[in-house]
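Below is one structure, written out as structure tokens; comments come after it.
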Amino acid sequence: MKSEPDVYSIADLQRDGHTCWDGVRNYQARNFMRDEMRLGDEILFYHSNAQPMGISGVAKVVREAYPDHTAWDKKHHHYDPKASPDNPLWQMVDIRLERIFAQPLALDALRKVPELKGMELLRKGSRLSVQPVRASEFDTVLKLACKKTK
DNA sequence: GCCAACGTTGGC
DNA sequence: GCCAACGTTGGC
């Protein structure tokens with residue numbers, strides 16, 4: 001899952017403990033949350049438009065997809081006139097912080113890792129804010145995070 | 001700030 | 001259903 005730290009950072013998640021991932025307004029990203037994310041699934045938390053850009057930690061799904069009520073809140077930044085309580089349109093999951101990496105794994109460093117060659121995050125033009133990660137990629141990322149701490 | 005790579009919208 | 005115009009994302 002991607003987030004701009006100016007908007008919501010992993011430090012914010014640490015402060016809050018858990019949060020609802022509202023504001024996703026892309027169908028593909030919504031579908032991944034709705035159809036693929038299950039209770040207990042682990043999430044890589046990515047900082048975009050940041051210094052440094054990269055994976056900053058791990059979170060966990062603590063509630064499966066349910067309607068994103070901010071979609072029909074006129075005052076909300078992510079308001080969508082097509083959404084309503086009867087037709088929620090957009091969904092969100094709740095996540096909880098698991099750990100923050102001692103050193104974030106920078107995007108340019110990740111690009112140099114052969115095992116991550118096929119990772120969606122590293123694909124040119126990849127813009128999905130919620131995207132799948134292969135188990136092997138997840139393991140590789142965790143190993144890199146471990147190595148960096150030493 | 002630039003711009004490539006998207007996704008969405010709406011006229012036809 | 002096509003596609004041009006437009007808006008957004010996000011690395012650089």
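This is a predicted model, so every value here is computed, not measured. Chain identifiers are assigned alphabetically (A, B, ...) following the order of the sequence lines, protein sequences preceding nucleic acid strands; residue numbering begins at 1 within each chain.
In this structure, CG of A:Leu107 is placed 10 Å from C1' of C:dG10, rounded to the nearest angstrom. In this structure, the CG atom of A:Leu110 is 11 Å from the P atom of C:dG11, given to the nearest Å. What separates CZ of A:Arg30 from P of B:dT8 is a distance of 10 Å, to the nearest Å. Rounded to a whole Å, the CG atom of A:Asp6 is 13 Å from the C1' atom of C:dG10. Between A:Tyr27 atom OH and B:dG7 atom P there is a gap of 13 Å when expressed in whole angstrom units. Between the CD atom of A:Gln131 and the C1' atom of B:dA5 there is a distance of 15 Å, rounded to whole Å. As rounded to whole Å, 14 Å separates atom P of C:dG10 from atom CD1 of A:Ile55. For A:Arg25 and C:dG10, the CZ to C1' distance is 19 Å, given to the nearest whole Å.
Using cut-offs of 30° and 60° on the angle between ring planes, the pair A:Tyr27 and A:Trp90 is tilted.
Under 4.0 angstrom from either OP1 or OP2 of B:dA5 there lies at least one side-chain N or O belonging to A:Lys124. Phosphate proximity of C:dG10 to A:Lys2: present, with a side-chain N or O under 4.0 Å from OP1 or OP2. Side-chain nitrogen and oxygen atoms of A:Tyr46 include at least one within less than 4.0 Å of the OP1 or OP2 phosphate oxygen of C:dG11.
The side-chain heavy atoms of A:Glu4 and A:His47, taken from C-beta on, include no pair separated by under 4.5 Å.
Using a 4.0 Å heavy-atom criterion, one finds that A:Arg123 contacts the sugar-phosphate atoms exclusively.
Here the closest non-hydrogen pair linking A:Tyr8 and A:Phe45 is O-CZ, 4.0 Å.
Cation-pi geometry between A:Arg34 and A:Phe32 is not met at under 6.0 angstrom from the ring centre and within 45 degrees of the axis.
Residue A:Val141 forms a side-chain contact (heavy atoms from CB on, under 4.5 Å) with just one option from A:Val113, A:Leu105, A:Leu121, and that option is A:Leu105.
Nearest to the side-chain atoms of A:Arg127 among the listed nucleotides B:dT9, C:dG11, C:dT9 stands C:dT9.
Residue order along DNA chain B, read from the 5' end via each residue's closest nucleotide, puts A:Asn49 first among A:Gln28 and A:Asn49. Between A:Lys82 and A:Ser126, the residue anchored nearer the 5' end of DNA chain B, judged by the nucleotide with its closest heavy atom, is A:Ser126.
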